[in-house]
Amino acid sequence: MSEGFSFTVSATDAGARAGVIETPRGDIRTPAFMPVGTAGTVKAMLPENVRATGADIVLGNTYHLMLRPTAERVAALGGLHHFMNWPHPILTDSGGFQVMSLSKLRKLTEEGVSFQSHIDGSKHMLTPERSIEIQCLLGADIQMQLDECPAIPIEEEKARTSMLLSVRWAERSKRAFEEKSQPGQALFGIVQGANYEALRRESLEKLMEIDFPGYSIGGLAVGEGREEMFRVLDFTTPHMPAQKPRYLMGVGKPADIVGAVARGVDMFDCVAPTRSGRHGQAWTKAGAINIKNASFADDPEPLDPESPCPASRDYSKAYLHHLFRAGEYLGPMLLTWHNLQYYQELMAGMRAAIATGDFAGFVAEFRAATGETVL
Ligand SMILES: CNc1nc2cc3c(=O)[nH]c(N)nc3c(CCc3ccccc3)c2[nH]1
């Protein structure tokens with residue numbers, strides 16, 4: 001807890017860092033996994049149970065909340081923290097990424113992006129200024145500039161044009177933020193440039209000139225694959241300010257996160273644990289299983305008998321299998337809860353390993369248990 005927004009790196013181990021982000025609404029231990037609560041809820045979870053898994057911060061989404069129930073209504077009802085009963089830090093995305101992936105009839109200009117709602121077809125316009133206004137109405141503690149996330153592959157000249165638009169939008173987002181934000185809130189710049197080293201460097205240099213308290217790495221986890229993502233990180237993170245948080249957007253599966261922590265990333269978000277949990281996939285120390293598989297029909301053991309999480313400890317795999325086969329609501333609820341616990345334990349394990357200078361040991365253990373190579 002603190003008046004303002006600050007980040008302290010408490011330990012480093014090769015490229016990995018462990019630290020704390022302090023905000024007026026609470027501290028965020030890094031490396032941090034941030035559960036996605038797109039429409040004001042981490043799907044199928046009570047907020048107190050999200051907290052119990054060890055989450056210090058959750059994500060909200062400008063695009064979804066501006067369409068329904070609208071940012072003005074959330075503000076009139078006391079802001080997003082009160083609305084969703086989550087008194088801890090919230091990070092919101094600026095909405096551009098979701099417009100491009102969800103909305104219809106979108107038109108992108110220098111001004112911003114106009115689009116039709118995927119819910120009711122109503123017309124909307126997102127500009128850097130409107131995105132910041134929405135994020136401030138929601139009351140987000142960490143906000144994102146409006147940016148454009150191009151699909152990969154994209155040729156270098158087109159990627160540069162897109163990256164320079166995002167830099168101009170970063171400038172406009174910061175000006176709007178300085179007008180509208182509350183003390184202690186932070187705006188992150190988002191590094192773009194697709195998978196081109198020169199463009200990533202240029203994007204970062206221009207964003208650092210504008211100056212932000214934290215920097216997101218955008219434009220990844222869009223189908224480029226783990227190896228290519230790591231390659232982009234290898235030539236991007238070393239040039240990012242060492243004393244400011246680095247947020248890799250949309251990442252990822254456990255092995256993606258371990259590899260990205262090794263490359264100096266501090267913050268992560270991904271729908272994998274929640275979305276895959278709703279579809280019957282459980283993440284375990286030995287890798288992922290699908291509980292709907294017939295092999296679990298008679299398995300009396302829980303997912304993790306040693307776990308402090310009721311979903312992992314108090315229900316047999318046979319019972320979870322039954323719930324999914326029967327289409328019972330409790331199935332997605334329990335598997336979501338278990339997966340979030342698994343992710344938070346992964347993050348806690350990495351924070352501890354970095355603090356004791358044994359991150360290499362953690363990576364070796366992860367590789368032995370899951371067969372995944374991350375370096
Ligand atoms: C799954 N892969 C993925 N790649 C992304 C790239 C970008 C990007 O280049 N710019 C922005 N602004 N967001 C991105 C996101 C969305 C992350 C998010 C979702 C929900 C709530 C809060 C934040 C991404 N997600």
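By convention here, the first residue in the shown sequence is residue 1. Atoms within a ligand are numbered from 1 in the order they appear, just like the ligands themselves. Note that this is a predicted model, so its numbers are computed, not measured.
- Residue-ligand proximity, C149 to ligand 1, at heavy-atom distances under 4.0 Å covers atoms 6 (C), 8 (C), 9 (O).
- A donor-acceptor contact under 3.5 angstrom links the side chains of S312 and H338, judged on distance only.
- The residues E228 and R231 are annotated as salt-bridged, a charged nitrogen and a carboxylate oxygen being separated by less than 4.0 angstrom.
- Of all the atoms in ligand 1, the ones that sit under 4.0 Å from a non-hydrogen atom of G218 are 8 (C), 9 (O).
- Atoms of ligand 1 lying under 4.0 Å from any heavy atom of G60, numbered from 1 in the order shown and given with element: 21 (C), 22 (C).
- Distances from atom 12 (N) of ligand 1 to the heavy atoms of D93, I90, L91 show the closest one on D93.
- Ligand-side atoms of ligand 1 in range of S94: 12 (N), range being under 4.0 angstrom from any heavy atom.
- Given atom 2 (N) of ligand 1, the protein heavy atom at minimum distance is A221 O, 2.9 Å.
- The protein non-hydrogen atom at the shortest distance from atom 7 (C) of ligand 1 is F97 CD1, 3.6 Å.
- Using a 4.0 Å cut-off between heavy atoms, Y63 makes no contact with ligand 1 at all.
- Close approach of ligand 1 to N61 is summarised as follows: ligand atoms under 4.0 Å from at least one heavy atom of the residue are 20 (C), 21 (C).
- Taking the charged nitrogens against the carboxylate oxygens, D304 and R313 have no contact shorter than 4.0 Å, which rules out a salt bridge.
- The pair R29-D266 does not count as a salt bridge, with every side-chain nitrogen at least 4.0 angstrom from each carboxylate oxygen.
- In terms of protein heavy-atom proximity, atom 10 (N) of ligand 1 is nearest to D147 OD2, 2.7 Å.
- For atom 4 (N) of ligand 1, the closest non-hydrogen atom of the protein is L220 O, 2.8 Å.
- The nearest protein atom to atom 19 (C) of ligand 1, hydrogens excluded, is given as Q98 NE2, 3.6 Å; this is a heavy-atom distance.
- Interface of G219 with ligand 1, defined as ligand atoms under 4.0 Å from a residue heavy atom, comprises 6 (C), 8 (C), 9 (O).
- Under the 3.5 Å distance criterion, with hydrogens and angles disregarded, a donor-acceptor pair is assigned to the side chains of Q135 and S131.
- At a heavy-atom cutoff of 4.0 Å, ligand 1 is contacted by the side chain of D269 but not by its backbone.
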Evaluation steps, ring-ring contact (aromatic ring centres under 6.0 Å, His included), between F296 and H322
CA-CA 9 Å; F296 298 112; H322 160 69; over 10 Å; no
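- Here Y247 and F268 keep their ring centres 6.0 angstrom or further from each other.
- Within ligand 1, the atoms closer than 4.0 Å to a non-hydrogen atom of I190 are 12 (N), numbered from 1 in the order shown.
- When only modelled atom types and interatomic distance are considered, T356 and D358 share no side-chain donor-acceptor pair under 3.5 Å.
- Between the side chains of T92 and Q143, not a single donor N or O lies within less than 3.5 Å of an accepting N or O.
- Neither the backbone nor the side chain of C270 has a heavy atom within less than 4.0 Å of ligand 1.
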